[in-house]
Amino acid sequence: MKLLILGASSYIGARLFNDLSNKFDLVGTYFNNQTDPRLIRLDLNNKADIEAIITLHNPDIIIHLANYSSSRNIAGNEANYQALNLEVTKTLVNLANKYQKKIIFVSSMASVTKSNLYGQLKAESEQLVKGVNKGYFILRPSAVIGVSPNQKNNKITDKIIATINGNRQSFDTSWLLQPTYIGHITQVIEKIINDNVWNTELSLYINHPATQYQIASDTLSNFGMDADQIDLGINIPLMSDNAEEVKKYGVSPMVYSEIIQLIVKEIKVLVQNN
């Protein structure tokens with residue numbers, strides 16, 4: 001089984017590429033940050049180049065992660081968001097149907113709330129992906145936590161690692177989020193491929209609301225450190241999607257405290273290797 005991972009140098013993509021490297025025949029792409037020497041540079045705004053990589057490598061499944069991953073930089077950048085987070089999806093769906101490929105689209109829980117352009121584009125992309133004839137799977141993570149080979153995204157875990165390394169960060173106390181463990185993304189994708197589960201979607205998070213500050217505090221306490229806090233005034237409603245659906249995919253662990261301990265182990269390995 002050959003997989004083409006678009007955005008394999010992103011925060012989620014780099015972890016996914018690393019986790020699946022010994023389980024599937026992988027081709028991965030990057031644009032700016034080559035996190036693995038095996039990755040191929042690809043400009044997703046070039047339709048001819050996308051088609052060329054699909055025809056050259058002939059993957060069974062295209063995993064699409066090459067989006068702007070949040071609304072953080074959207075102001076003044078709306079045209080680029082439109083191009084990468086929607087127009088590229090149109091191109092991929094058309095090519096998937098032309099060459100009879102399946103697509104796994106890593107979307108976002110922002111597609112449910114649609115509170116800004118980022119969420120609206122994710123929702124529109126999901127509707128496009130549902131038009132893939134060979135089969136699709138839509139995965140919606142929430143705020144993702146866990147260690148990735150790409151630590152340049154200012155994600156919660158990146159900030160925790162920076163704090164441990166002496167560059168203290170501040171963590172928001174206002175947004176009560178329902179986190180997604182990055183390893184669960186790999187587990188779900190591996191299961192749907194092996195079990196041949198298609199034409200469905202999954203909201204992937206654990207139903208344990210916590211702030212960035214709480215996650216950082218619970219992690220840093222294992223290193224004898226505390227977390228600095230900041231109130232960013234973020235007010236995003238809790239998700240109402242049924243997190244119980246995740247259990248059908250056998251992801252582990254599902255308990256917040258166990259996920260924190262697993263992340264602590266991942267960070268300790270990272271720190272030791274560096």
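Along the sequence shown, residues are numbered consecutively beginning with 1. Excluded from the calculations below are hydrogen atoms, water molecules and symmetry mates; all remaining heavy atoms, backbone and side chain alike, are included.
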Same cluster for [X] and [Y] if Ile/Leu/Val/Met/Phe/Trp/Tyr side chains link at under 4.5 Å?
{"X": "I63", "Y": "F31", "answer": "no"}
{"X": "I189", "Y": "V197", "answer": "yes"}
{"X": "I156", "Y": "I164", "answer": "yes"}
{"X": "V269", "Y": "I182", "answer": "no"}

Contact list for [range], test salt bridge (Lys or Arg N to Asp or Glu O under 4.0 Å), sequence neighbours left out:
{"range": "residues 194-214", "result": "K130-E201, R140-E201, K191-D195"}
{"range": "residues 4-14", "result": "none"}
{"range": "residues 170-181", "result": "none"}

With a 4.5 Å cut-off on side-chain heavy atoms, are [Y] and [X] touching?
{"X": "L139", "Y": "F137", "value": "yes"}
{"X": "I161", "Y": "K155", "value": "no"}
{"X": "W175", "Y": "L232", "value": "no"}
{"X": "I62", "Y": "K102", "value": "no"}
{"X": "M1", "Y": "L3", "value": "yes"}
{"X": "V188", "Y": "K248", "value": "no"}
{"X": "K152", "Y": "D158", "value": "no"}
{"X": "V144", "Y": "Y11", "value": "yes"}

Atom pairs and distances, side-chain donor-acceptor, residues 254-264, under 3.5 Å, sequence neighbours left out:
residue, atom, partner, partner atom, Å
Y256, OH, D218, OD2, 2.7
Q261, NE2, N222, OD1, 3.3

Check the side chains of [Y] and [X] for a donor-acceptor pair under 3.5 angstrom, ignoring hydrogens and angles.
{"X": "S111", "Y": "E126", "result": "yes"}
{"X": "S125", "Y": "T89", "result": "yes"}
{"X": "N97", "Y": "N94", "result": "no"}

Contact summary for [X] and [Y], nearest pair of heavy atoms:
{"X": "A227", "Y": "F171", "result": "CB-CD1, 4.0 Å"}
{"X": "Y205", "Y": "S142", "result": "CB-CB, 4.0 Å"}
{"X": "A96", "Y": "V132", "result": "CB-CG1, 4.2 Å"}
{"X": "P209", "Y": "Q214", "result": "O-OE1, 4.2 Å"}
{"X": "T29", "Y": "G7", "result": "OG1-N, 3.3 Å"}
{"X": "L65", "Y": "S10", "result": "CB-OG, 4.3 Å"}

Can you list the steps and then say if S203 with E245 is a side chain to side chain contact (heavy atoms under 4.5 Å, CB included)?
CA-CA 8 Å; S203 296; E245 289 291 312; over 6 Å; no
For the pair [X] (side chain) and [Y] (backbone), establish whether a donor and an acceptor sit closer than 3.5 Å, ignoring hydrogens and angles.
{"X": "E124", "Y": "L86", "value": "no"}
{"X": "K2", "Y": "V27", "value": "no"}
{"X": "N194", "Y": "E190", "value": "yes"}
{"X": "Q169", "Y": "T163", "value": "no"}
{"X": "T211", "Y": "T173", "value": "no"}
{"X": "T180", "Y": "P141", "value": "no"}
{"X": "T35", "Y": "P149", "value": "no"}
{"X": "N46", "Y": "A48", "value": "yes"}
{"X": "N150", "Y": "S9", "value": "yes"}
{"X": "H64", "Y": "V129", "value": "no"}

[X] side, atom [atom1]; [Y] side, atom [atom2] - distance, nearest 0.5 Å:
{"X": "I61", "Y": "K101", "atom1": "CD1", "atom2": "NZ", "value": "10.5 Å"}
{"X": "I50", "Y": "L44", "atom1": "CD1", "atom2": "CG", "value": "4.5 Å"}
{"X": "I40", "Y": "L56", "atom1": "CD1", "atom2": "CG", "value": "7.5 Å"}
{"X": "L128", "Y": "E87", "atom1": "CG", "atom2": "CD", "value": "9.0 Å"}
{"X": "N18", "Y": "L26", "atom1": "CG", "atom2": "CG", "value": "10.0 Å"}
{"X": "K159", "Y": "Q151", "atom1": "NZ", "atom2": "CD", "value": "15.0 Å"}

Only counting residues at least two apart or in another chain, list the ones meeting salt bridge (charged side-chain N to carboxylate O under 4.0 Å, His left out) with D19.
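Partners of D19 under the salt bridge (charged side-chain N to carboxylate O under 4.0 Å, His left out) test: R15.
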Taking only residues two or more places apart in sequence, or in another chain, which ones meet K98 in a salt bridge (charged side-chain N to carboxylate O under 4.0 Å, His left out)?
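If we apply the salt bridge (charged side-chain N to carboxylate O under 4.0 Å, His left out) test to K98, skipping adjacent residues, the hits are E51.
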Between D60 and K134, does any NZ, NE, NH1 or NH2 come within less than 4.0 Å of an OD or OE carboxylate oxygen?
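Salt bridge: no.
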Using the rule given for side chain to side chain contact (heavy atoms under 4.5 Å, CB included), can you reason through D36 versus Y30, listing the C-alpha separation, both sets of side-chain angles and the distance that settles it, and then say yes or no?
CA-CA 9 Å; D36 189 294; Y30 78 100; over 6 Å; no
Mark yes when over 12 heavy atoms from residues, nucleotides or ligands other than N167 sit less than 6.0 Å from its CG; otherwise mark no.
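Correct, the count exceeds 12.
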Passes side chain to side chain contact (heavy atoms under 4.5 Å, CB included), N58 versus Y99? Steps please.
CA-CA 9 Å; N58 193 28; Y99 294 104; over 6 Å; no
Test side chain to side chain contact (heavy atoms under 4.5 Å, CB included) on I236 and L177 and set out the steps.
CA-CA 8 Å; I236 300 176; L177 55 92; over 6 Å; no
